[in-house]
Protein chains: 2
Amino acid sequence: MPDHDSSRPTLADVAARAGVSASTASLAFSGSGPVADATKERVLAAARELHYAGPDPRARSLRRGRSGIIGVVIEERVREAFRDPIQIAQFDGIAEEIGRIDAALLILAASGPAQQLAGVKAMPVQPAHPVTVEDAPMDAAVLMGCTPRLADSISALRDRGLPVVAIEGFPVEGVLVIEQDNRDATERGAQHLRQLGHGRVGIVTLPLDAAHHRGLVTDELLAISSSATALQRLEGARAVFPDAVAHAAAGSFVDEGVRAAREMLSGPADERPTAIIAQSDLLAAGVIRGAEELGIKVPDELSVIGFDGVRVDGLWPYELTTLEQPAYEKGRAAGRAIVRMLEGREAESVSFTSVLRVGNTTAPPPSAPIA
Amino acid sequence: MPDHDSSRPTLADVAARAGVSASTASLAFSGSGPVADATKERVLAAARELHYAGPDPRARSLRRGRSGIIGVVIEERVREAFRDPIQIAQFDGIAEEIGRIDAALLILAASGPAQQLAGVKAMPVQPAHPVTVEDAPMDAAVLMGCTPRLADSISALRDRGLPVVAIEGFPVEGVLVIEQDNRDATERGAQHLRQLGHGRVGIVTLPLDAAHHRGLVTDELLAISSSATALQRLEGARAVFPDAVAHAAAGSFVDEGVRAAREMLSGPADERPTAIIAQSDLLAAGVIRGAEELGIKVPDELSVIGFDGVRVDGLWPYELTTLEQPAYEKGRAAGRAIVRMLEGREAESVSFTSVLRVGNTTAPPPSAPIA
DNA sequence: AGGCGCGATCGAATCGATTCGAGTGTACTC
DNA sequence: GAGTACACTCGAATCGATTCGATCGCGCCT
C-alpha cells in the first residue's frame, strides 16, 4: 500500500461536513432523487473543500452490480495483439460500438496454463493483484479467437452470468460467435489457383497450437491444435488441394513468412510448390520476400495468396492477391452484440464473408499452358 | 438488469453448504491463512456444486483497495488511437511492463467537455454506467498526450491518490512526465533542410486544439491550442524558419496530409514552399501523395520531412526522411514508472531523444546551387 | 380545520468479500 | 499433569457507496 492516506475522505465525511446524511449526499452526487438546490450546493462545496474526488468506483460498482467495463480477451501476449492489424481493427470496431453506452475496454491476456490447473491456485509470489480472465471486474467479455484452452475461463464467465461473445472460434455453449467464412473463403482462393493451373501448392498456416510450434504440419500437431481460424483455413485449402504440404508459422509476422518460404522453396524447381497459400497477408508478404531471396520470381515462378486484405508495408510493386475480410465490421458486430445482451435483449450470431481480391501475385504456373 | 439471477451464489452460500464460516471459505480461496486440507477441499467442492465462479472482483477490490487495473487515457476518440501507429506502440510498451505485475489495461477516452462543466453532472439519459477518467476503477493512470483539457480529470485522479504518468504533455503538478525532445528534434530536422538550401518551408501540424480545427495556423488557433506535442514541434520548426506558414491537420492521417498539401502547394512554383515539415509520418506520406497529384516531384521540387519513424504503407519508392522516436520504449518507460509508483517507490521522469533518419524525400531546392 | 400530496431528508439494510483478533481443540514438552 | 505452542476456525467489523421505505414539514384544496 503506497501512500494510501487512511485519511482520504469518503462520502460520509463529506456528508458530515455538509451537515446532511450520507444518503442525501449520495443523492446529491448521483442526481437520482429529489434534492434541494441549496443542499446539493452545500454538499458539493463540502466535497470541494475536502478534495473529495467523487464516489469510489469500487464501492459504487459493488452496490450497483455493474462496472461499465467490457473485457476483451486476447490470445496470450498483449504485444502480439497490438502488432496484428486485424486485431487492431477489431478492437477499433468493438470500441466504437461499446462507446455508445460509455463503457470502457479492458484488455486481458488469456491466462496461461499455469493458472489453469483447476482448483490449485498456488499463486506463489504473485504481486497480489492478478487480473485474469476469470476474475476481472467486467460486465461482459469479447473473446478474440476463442481457443479450447479458454474453456475453463469461459465456463467461469458463464457461471458469473456475464454475456460472452467470441470473434471466430469454436462454438461453445453459451457463447455468441461472430463468424467468418474462413473455410469457404480459403477454398475460393485455392480454386483461383487451381483455375490458373496450379497443382503443387504449399500452405503456410497461422499458429495452430497454444505453444505456437513452428514447422511441418503433422497429424500430431493437428491433434493438439487449438486455433479454429487456422484449422478452418487449412481445411478450405485442402478441400481443393488435399495433399498440399503445410507449414505452421509461429505467429502472423513477415519474418515468419520468410522462414516458411525458405523451408518450402528450397527444393528444385520441378518439385517445389508453384503456389503458396498463406493464412495472413503478413505471412504472404514474408513468403514473397523469402522467394525473392531465393531468386524465385513472383508471380512468374511462384504465386502467392494471402488472407486479411490489410495493406502490407514495403510490398510494392506487388499488389497481393488476398481474401479481404471486414475486420472492423467484425469488431462492431461483436460490440453491438455485447450492448444488446447487456440491455437484456437477445443478440444473434453474425457471419461475415471474405471476398477474393486478385492482385498481381498470382499467375499461371511456369510450365502451364496459358489458360 | 439482464438475467441477473438474484440467486447467483455468494461466498456465504458456498460456506454454508460446506458447513464452514464465510471467513474460512474466504481463506480457502485466497490461500492466505492456514486452512486444513480437508476443509479447503470441502469448500472447493461446494463451490463446484453451486457453480460458484470465485469471489466477486468488485467486492474483492472494494475491500482490498486495489483493482489491478491501469487506465490508459487517450485523446478523445478510441478509434483514432487505434489507427495511430505511435500510440499503438506506446500501448504495447505499457502493456509489456505492467504485465509483470499482472495488471490489465483499461482504455479510456478523455471525457468530452460536456461532462467537464464542473459540478453540473447533468447526465440526461446516460445509460447508467458512464466510465470516465474521473470514475473508473483503476489503480493508476497513464495519459497519452496530456492536454490542459484534462486538467479537471487529473486533479480528480490526484485527489483520489492515484499515481499518474503522462507520455508527453504539459508538466502538471503531481504528474510524472515521460518526455520526448519534440522541439529540439524538429529543430534538427529543420536545420537539415536549411543546410540543403531551403528557405521557403511550410509546416503541417498535428491537431492543435481540442476541436481539431483544420487550416492555417493563426494566432487565434495558437491561443486555444492544447497539444503540447504539436506546439513543441511547431516551435522547433520555427526556431529555424520563423516565418514558415503552418497548416493544422485535423488528425494524423494520410488523407489530412493530402489536403494540407493541396492547399499549401497550389501557388506558382516560385512562391510555394520548397520543403514541408510534417509533424507525423502519416501526414508526410499524405503530403507526398498530394504533391504527386499536383505534378510536383519529390524530392526534386519539394522536400518532405516527417516525424515518428514508422514505416508508412504504400510509400514506395520513397524512403521518408524523418525523426525517429522510440515509441515502444516510451510506453515501457511509462509502464515501469507506474509499477514503481504502485510499489511505493519513487519514479523519476525520463526523456527520450529522436534521431534524424535521412531518406530520399529531402534534397536541395530546385534553384539552389548544389551544396 | 382536517386531510391529502409531495418534496426533502434520513436510517438502516445491503452489495460480497477480506481481515483481525479471539476462541477452540490437540499435541507436545518439561 | 500442567503449561505452552500451534493449527485451525469463527464472529464481527470493515471497505464506501446505494437504495428502499419511513418520516417530517408544509402548502394547498375543499
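Convention: sequence-line order gives letters A, B, ...; per-chain numbering from 1. Every heavy atom of this structure was used, including side-chain atoms; hydrogens, water molecules and symmetry mates were not.
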Can you check the [X] [atom1] to [N] [atom2] distance for me, whole Å?
X: A/R66; N: D/dA17; atom1: CZ; atom2: C1'; answer: 18 Å
X: B/R63; N: D/dA17; atom1: CZ; atom2: C1'; answer: 15 Å
X: A/L11; N: C/dC15; atom1: CG; atom2: P; answer: 19 Å
X: B/D135; N: D/dG16; atom1: CG; atom2: C1'; answer: 14 Å
X: B/R58; N: C/dT18; atom1: CZ; atom2: P; answer: 14 Å
X: A/R8; N: D/dA17; atom1: CZ; atom2: P; answer: 12 Å
X: A/L62; N: D/dG16; atom1: CG; atom2: P; answer: 12 Å
X: A/D56; N: D/dT14; atom1: CG; atom2: P; answer: 18 Å

What residues form a side chain to side chain donor-acceptor pair (under 3.5 Å) with [X], not counting sequence neighbours?
X: B/D159; answer: none
X: A/T24; answer: A/S21
X: A/S226; answer: none
X: B/S32; answer: B/S30

For this session: Could you go through the salt bridge (charged side-chain N to carboxylate O under 4.0 Å, His left out) check for B/E41 and B/R48 one step at a time?
Result: CA-CA 10 Å; B/E41 194 42 59; B/R48 242 169 288 139; 3.4 Å; yes

For [X] and [N], is the shortest distance between a side-chain N/O and OP1 or OP2 below 4.0 Å?
X: A/S26; N: D/dA17; result: no
X: A/Y52; N: D/dA17; result: yes
X: B/R60; N: C/dT18; result: yes
X: A/S61; N: D/dA17; result: no

Exercise. What pairs with A/E96 under salt bridge (Lys or Arg N to Asp or Glu O under 4.0 Å), at least two apart in sequence or on another chain?
Worked result: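 B/R77, B/R79.
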
Exercise. Can you list the steps and then say if A/R332 with A/I94 is a side-chain contact (heavy atoms from CB on, under 4.5 Å)?
Worked result: CA-CA 5 Å; A/R332 286 192 55 190; A/I94 297 169; over 6 Å; no

Exercise. Between the axis at one end of the helix from C/dA1-D/dT30 to C/dC30-D/dG1 and the axis at the other (five pairs apiece), what's the angle to 10 degrees?
Worked result: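 Axis angle across the helix from C/dA1-D/dT30 to C/dC30-D/dG1, nearest 10°: 50°.
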
For this session: Can you run down the side-chain hydrogen bond (donor to acceptor under 3.5 Å, both in side chains) pairs that involve residues 162-179 of chain B, sequence neighbours left out, and say none if there aren't any?
Result: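 Those involving residues 162-179 of chain B are B/E168-B/N182, B/E168-B/T229, B/E168-B/K330.
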
For this session: Let me have a per-nucleotide readout for nucleotides 4-9 of chain C, 5' to 3', with B, S or -, counting only protein heavy atoms under 4.0 Å.
Result: ----SB

Exercise. When all nucleic acid strands are considered with a 4.0 Å heavy-atom cut-off, which category describes A/T10: base, sugar-phosphate, or nothing?
Worked result: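 Touches sugar-phosphate only.
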
Exercise. Got a sec, which pairs hit ring pair (Phe, Tyr, Trp, His ring centres under 6.0 Å) with one end in residues 37-71 of chain A, sequence neighbours left out?
Worked result: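 Applying ring pair (Phe, Tyr, Trp, His ring centres under 6.0 Å) to every pair that reaches into residues 37-71 of chain A, excluding sequence neighbours, yields A/F29-A/Y52.
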
Problem set entry | Donor-acceptor pair under 3.5 Å, B/R64 side chain vs C/dT18 base |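 No pair found.
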
